[in-house]
Amino acid sequence: MASDEGVAQVRGWFTGRLPEGWFTGAPEIIRDREEIAVIGALPDPPGDAEEAERAALVEGLIGRFREETRERRIEIAKEAERRFRQKVSWGVSCAGHTVMFTTLSVPVMTRLRQSERQVLDTLVAAGVARSRSDALAWCVRLVGRNTDTWLADLRDALQHVDRVRAEGPDVNS
């Protein structure tokens with residue numbers, strides 16, 4: 001988890017560094033140990049289009065933004081990576097849809113008991129996933145989707161612990 005101060009510093013830097021007009025407001029910044037994700041909101045398309053036309057319009061807006069901003073996003077990401085020593089990922093949201101253009105896939109090592117491995121093997125055998133690794137990622141996404149409120153509460157509590165810890169005495173002196 002990144003500290004509130006660290007996220008605020010990164011958010012401020014990106015807000016000041018990004019070209020005006022790219023997003024409808026300040027970008028959402030999500031930072032963990034490996035990566036900084038920058039997600040900006042694009043203007044919603046007019047609401048009078050039919051559903052199929054609106055979906056295609058959103059897809060077109062996102063695609064155009066991705067292509068037209070590619071060079072500048074790469075330039076800004078390289079600058080941020082030197083400054084913050086983390087990789088930068090980009091994404092946009094438009095009309096309730098969020099699309100990530102780039103994102104890291106970080107290996108994670110874990111030890112599983114036989115019953116847990118059997119869950120992954122069942123997902124592979126059923127064609128839900130190509131491998132145990134894919135099956136584990138699928139499980140993590142499923143848990144994340146179904147426990148958003150609980151995970152948000154847990155993250156808030158961790159941020160509170162970080163603040164209290166930062167206000168305490170310096171034990172390294």
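All of these numbers come straight from a predicted model, not from anything done at the bench. Position 1 is the first residue of the sequence, and the numbers go up from there.
To the nearest 0.5 Å, the span separating OG1 on Thr122 from CZ on Arg117 amounts to 12.5 Å. Considering CG of Leu112 and OG1 of Thr110, their distance stands at 4.5 Å, rounded to 0.5 Å. The CD atom of Glu28 sits 4.5 Å away from atom CD1 of Ile39, with the distance rounded to the nearest 0.5 Å. Here the CG-CZ distance, from Leu158 to Arg163, works out to 10.5 Å after rounding to the nearest 0.5 Å. Note that CZ of Phe84 is 9.0 Å distant from CD of Glu79, once rounded to the nearest 0.5 Å.
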Report task. Give the intermediate values and the outcome of side chain to side chain contact (heavy atoms under 4.5 Å, CB included) for residues Arg31 and Gln86. Result -> CA-CA 9 Å; Arg31 186 180 191 189; Gln86 288 181 285; 2.5 Å; yes
Requested in this report: Check step by step if side chain to side chain contact (heavy atoms under 4.5 Å, CB included) holds for Trp90 and Met100.
Outcome: CA-CA 6 Å; Trp90 295 95; Met100 294 301 296; 6.0 Å; no
**Report entry** Criterion side chain to side chain contact (heavy atoms under 4.5 Å, CB included) on Arg66 and Arg73, from CA distance to verdict
**Finding:** CA-CA 9 Å; Arg66 183 177 188 180; Arg73 285 186 292 110; 3.5 Å; yes
Query - Worked verdict on Arg64 versus Glu67 for salt bridge (Lys or Arg N to Asp or Glu O under 4.0 Å) - result: CA-CA 5 Å; Arg64 181 177 68 195; Glu67 292 302 317; over 6 Å; no
Query raised in the report: Taking it one step at a time, do Glu59 and Arg54 satisfy side chain to side chain contact (heavy atoms under 4.5 Å, CB included)?
Result: CA-CA 9 Å; Glu59 185 179 329; Arg54 185 173 171 84; over 6 Å; no
Query raised in the report: Yes or no on salt bridge (Lys or Arg N to Asp or Glu O under 4.0 Å) for Arg17 and Glu75, after CA distance, side-chain angles and deciding distance?
Result: CA-CA 11 Å; Arg17 181 65 179 85; Glu75 174 188 315; 3.3 Å; yes
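Of all heavy-atom pairs between Thr103 and Ser89, the closest is CA-OG, 3.2 Å. Contact record, Gly144 with Leu151: CA-CD1, 3.9 Å, taken as the closest heavy-atom pair. Of all heavy-atom pairs between Trp22 and Leu42, the closest is O-CD2, 3.6 Å. Of all non-hydrogen atoms in Phe101 and Val92, the two that sit nearest each other are CZ-CG2, 3.7 Å. Closest non-hydrogen pair, Pro43 versus Leu61, comes out as O-CD1, 4.2 Å. When all heavy atoms of Asp44 and Cys94 are compared, the closest pair comes out as OD1-C, 3.8 Å.
Counting only heavy atoms from C-beta outward, the side chains of Ile36 and Val38 approach each other to under 4.5 Å. Counting only heavy atoms from C-beta outward, the side chains of Trp13 and Ile76 approach each other to under 4.5 Å.
For the pair Arg85 (side chain) and Ala80 (backbone), a donor-acceptor distance under 3.5 Å is absent. Distance alone, capped at 3.5 Å, is enough to place a donor-acceptor pair between the His97 side chain and the Ala95 backbone. A donor-acceptor distance shorter than 3.5 angstrom exists from the side chain of Glu35 to the backbone of Leu104, with no hydrogens or angles considered.
The number of heavy-atom neighbours closer than 6.0 Å to CD of Glu34, taken from other residues, nucleotides and ligands shown, is above 12.
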Please tabulate, one pair per line, all N/O donor-acceptor pairs under 3.5 Å involving side-chain atoms of residues 124-132, not counting sequence neighbours.
| from | atom 1 | to | atom 2 | distance (Å) |
| --- | --- | --- | --- | --- |
| Arg130 | NE | Asp134 | OD2 | 3.3 |
| Arg130 | NH2 | Asp134 | OD2 | 3.2 |
| Ser131 | OG | Ser133 | N | 3.4 |
| Ser131 | OG | Asp134 | N | 3.1 |
| Arg132 | NE | Asp121 | OD1 | 2.7 |
| Arg132 | NH2 | Asp121 | OD1 | 3.4 |
| Arg132 | NH2 | Asp121 | OD2 | 3.0 |

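Connection of Ile30 to Val88 is not established within any shared hydrophobic cluster, with ILVMFWY side chains joined at heavy-atom distances below 4.5 Å, either directly or through further cluster members.
Taking the centre of each ring, Phe65 and Phe23 come in below the 6.0 Å mark.
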